[in-house]
Number of protein chains: 2
Amino acid sequence: MATGRTHRPATRSRGIPEATVARLPLYLRALTALSERSVPTVSSEELAAAAGVNSAKLRKDFSYLGSYGTRGVGYDVEYLVYQISRELGLTQDWPVVIVGIGNLGAALANYGGFASRGFRVAALIDADPAMAGKPVAGIPVQHSDDLEKIIQDNGVSIGVIATPAGAAQAVCDRLVAAGVTSILNFAPTVLSVPDGVDVRKVDLSIELQILAFHEQRKAGEEAASDGGVPTAAARGESADQGPDGDMPAVMPA
Amino acid sequence: MATGRTHRPATRSRGIPEATVARLPLYLRALTALSERSVPTVSSEELAAAAGVNSAKLRKDFSYLGSYGTRGVGYDVEYLVYQISRELGLTQDWPVVIVGIGNLGAALANYGGFASRGFRVAALIDADPAMAGKPVAGIPVQHSDDLEKIIQDNGVSIGVIATPAGAAQAVCDRLVAAGVTSILNFAPTVLSVPDGVDVRKVDLSIELQILAFHEQRKAGEEAASDGGVPTAAARGESADQGPDGDMPAVMPA
DNA sequence: CCATCTTTGTGCACGCGTTCACAAAGACAT
DNA sequence: ATGTCTTTGTGAACGCGTGCACAAAGATGG
């Protein structure tokens, strides 16, 4: 998961495994594309290919929702779109606030995928008084002093944190106190929240570091086996770094 | 995972489980914070709390790297920072290109966490000729015609895709052909890549949908049990939607 | 109405990840 | 040097997720 999930103690909600829930949006996207092309039905094999998963896994995932397929034919695209949307709660309107309108916050506000599926940017909030009133993506930025009032007036239960790391926990606390129970955190910090509040984090830096790990491993293996075309990474200054550092290095203290 | 991981067939690289690799950056961040506060040593219990994980899990994670702790004392912060950095490949320099300099791409280019740990934005690439030469985050945007040359000249092996969904696969193909072997994808599409290429995806829309699922579940449970303070979500127009829709709904065809 | 063929839904086995619980190891005081 | 106390490192059990493989279901053609 490019995304780390919260450390919920395996709360299998309503019998649907967490791993399945995480894949439903993927299926929904593929199905929506099919729907736009007016494809009436789709087999588990085709849909699985479009979503990039195993077909057995997809069938098992759908089996948690109920028996929505027809043997010998496949799944009705429109019907499945509706069922998954309903299961994910996308048939209702979710007002969302974005806190921290810097580069990232502005990018999120402008992001089209927001409005597309039940999500509506109810307000943009920033701590900088100079930002107040300035429109971003057509929505005027409001000052964070009014955070609680904004949350309550709009019935917001989902908050997006795009502030610097230092401000994230304080913002989080205020959001939760005001009634927000789901938080999407872009700040590079571990947020602590009371039980019953969900936090998901998106962390660019962590994703890059995971890629770097695998990249290093690939470069190391390649240098060892010397097979295949040399990658762009395997050039120049790798002389001082062994491919697999097993030496004790410099033990401090 | 905000993060969904690639469907690699459980490639346990060098004996370090994938789940552990995904947590190493988290530990590294907590350790760096300790290091800046000049804390000399830390116990698994303290560090686990800071990283938001179970202490036994943390110890097992570290055990894959080697025996770097001292019983009765804990872990040497500086030493551990170095070991994890080395394991993740952050002791070397990773030039990165960002393709697609829209709102998101610009936000990524400006993101400080990029440069902080071994990553260096080598180039910004966009398909819009009007963008060419315009500086973003102090780096002039280059046209995508020169993509292959840029990759090769800079020895880039990690690419970030921040283009619209429609362009993502084509950009991906060109990146891979030019020698990129790790891709961080922000476009809402499933990318198909040859073996040996890692893809991690960051998908705002998917994260929000997962939150919506849990949010809906919470609202449903609350309406059923009627315990605790009503959340901001449990207001108004939930009359037409049963808390647990088990009725057959409208079966098409 | 029957045979055939396609595709779903799922029982089952396997492997990974998590957590508990404890023995081994070392620091530290006396 | 010896005992005590803290904390690591890990064996073992458990649970979840994945994928195979197949029986059941239904469509389709004759």
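Both backbone and side-chain heavy atoms feed into the values below; hydrogens, waters and symmetry mates do not.
- Between the CG atom of A:L58 and the P atom of C:dT7 there is a distance of 14 Å, given to the nearest Å.
- Following rounding to the nearest Å, B:E18 (CD) and D:dG17 (P) show an atom-to-atom distance of 17 Å.
- The structure places CG of A:L28 at 8.5 Å from CG of A:L24, a figure rounded to the nearest 0.5 Å.
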Query raised in the report: Taking it one step at a time, do B:R200 and A:L211 satisfy side-chain contact (heavy atoms from CB on, under 4.5 Å)?
Result: CA-CA 8 Å; B:R200 297 191 67 86; A:L211 283 180; 3.8 Å; yes
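- Here B:S44 does not reach the OP1 or OP2 of D:dT7: none of its side-chain N or O atoms lies under 4.0 Å away.
- Following rounding to the nearest Å, B:L80 (CG) and D:dG9 (P) show an atom-to-atom distance of 10 Å.
- Listed nucleotides C:dG17, C:dT18, D:dG17 differ in distance to B:P17; the shortest reach to its side chain belongs to C:dG17.
- The base of C:dT7 is not paired with the side chain of A:R71 by any donor and acceptor separated by under 3.5 Å.
- If you look at A:Y79 and A:Y68, their ring centroids are closer than 6.0 Å.
- Put simply, OH on A:Y75 is 15 Å from P on D:dA27, counting in whole angstrom units.
- Among the nucleotides C:dG17, D:dT18, D:dC20, the one closest to the side chain of A:N54 is D:dC20.
- At distances below 3.5 Å, not a single donor-acceptor pair connects side-chain atoms of B:E45 with backbone N or O atoms of B:S55.
- For the pair B:F62/B:I84, a side-chain contact is recorded, criterion being any heavy-atom separation below 4.5 Å from C-beta on.
- Looking at heavy-atom distances under 4.0 Å, B:F62 makes no contact with the nucleic acid at all.
- Regarding A:R59, its CZ atom lies at a distance of 11 Å from the C1' atom of D:dC22, rounded to whole Å.
- Out of D:dT10, D:dA27, C:dG9, the shortest distance to the side chain of A:T70 is found at D:dA27.
- For A:T32 and A:E36, the side-chain atoms include no donor-acceptor pair closer than 3.5 Å.
- Within 4.0 Å (heavy atoms only), A:S67 reaches sugar-phosphate atoms of the nucleic acid but no base atom.
- To the nearest angstrom, C1' of C:dT8 lies 15 Å from OH of A:Y79.
- Note: NZ (A:K57) to C1' (C:dT10) measures 16 Å, nearest angstrom.
- In this structure, CG in A:L31 is found 10.5 Å from OH in A:Y75, a value given to the nearest 0.5 Å.
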Requested in this report: Could you please spell out the steps behind the side-chain contact (heavy atoms from CB on, under 4.5 Å) verdict for A:R86 and B:Q216?
Outcome: CA-CA 10 Å; A:R86 189 176 57 81; B:Q216 174 177 243; 5.5 Å; no
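- To the nearest 0.5 angstrom, B:L88 atom CG is 13.5 Å from A:E215 atom CD.
- Taken to the nearest 0.5 Å, the NZ atom of A:K201 stands 13.5 Å off from the CD1 atom of A:I161.
- Each of A:K60 and A:G74 lies near DNA chain C, and the nucleotide nearest A:G74 is the one positioned closer to the 5' end.
- With axes fitted over five pairs at each extremity, the angle between the ends of the helix from C:dC1-D:dG30 to C:dT30-D:dA1 is 10° (10° resolution).
- Taking atom CG on A:D61 and atom C1' on D:dG17, their separation rounds to 10 Å, with Å as the unit.
- Looking at residues 24-43 of chain A, you'll see A:S43 sit with a heavy atom under 4.0 Å from some atom of DNA chain C.
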